[in-house]
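Step one of this worksheet: look at the structure below.
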Amino acid sequence: RSSPPSVRGFLRRFWQRSCDHRGTPEAPGRVLALLRCSDVTDVDPSDRSDVVTGMAYEVEMEDWPAVLEALDIRERHGYTRTLA
């Protein structure tokens with residue numbers, strides 16, 4: 001099951017360089033980063049929408065270990081696991 005939620009207090013920007021998903025080690029590409037508004041100081045105030053929309057997926061309890069392992073590999077260069 002999935003749903004399109006919104007979260008306040010975050011910005012999404014192409015500020016993360018990546019040679020895994022885009023580009024090469026010599027010429028990294030850009031991928032979206034999800035940033036806390038409180039961590040960003042150099043954004044134009046007119047560009048400071050603090051609502052990010054996305055897609056949330058319900059994960060069965062028995063599937064959590066495999067899902068987290070896959071995310072740890074996919075997001076290894078810019079991923080901080082935070083579970084609530």
Subject >> Student check: side-chain heavy atoms of Cys19 and Pro25 closer than 4.5 Å >> reply: yes
Original post:
For Phe14, what are the other residues in its hydrophobic cluster, where any two members join if their side-chain heavy atoms are less than 4.5 angstrom apart?
Top reply: Leu32
Original post:
Cluster question for you: counting only ILVMFWY and a side-chain heavy-atom cut-off of under 4.5 Å, with indirect links fine, are Tyr57 and Met61 together?
Top reply: no
Original post:
Within a strict 4.5 Å, meaning less than it, do heavy atoms of the Val52 and Leu34 side chains meet?
Top reply: yes
Original post:
Can you find a pair of side-chain heavy atoms, one from Trp15 and one from Val40, that are under 4.5 Å apart?
Top reply: yes
**OP:** Kindly work out whether a path of hydrophobic side-chain contacts (I/L/V/M/F/W/Y, heavy atoms less than 4.5 Å apart) joins Val59 to Leu71.
**Re:** yes
Original post:
Would you say Glu62 has more than 12 foreign heavy atoms packed within less than 6.0 Å of its CD?
Top reply: yes
Subject >> Non-hydrogen atoms of Cys37 and Phe10 that approach each other most closely >> reply: SG-N, 3.7 Å
**OP:** Rounded to the nearest 0.5 Å, what's the gap from OG on Ser3 to CE on Met55? Could you check?
**Re:** 7.5 Å
Subject >> pair Arg30-Arg17: side-chain heavy atoms closer than 4.5 Å >> reply: yes
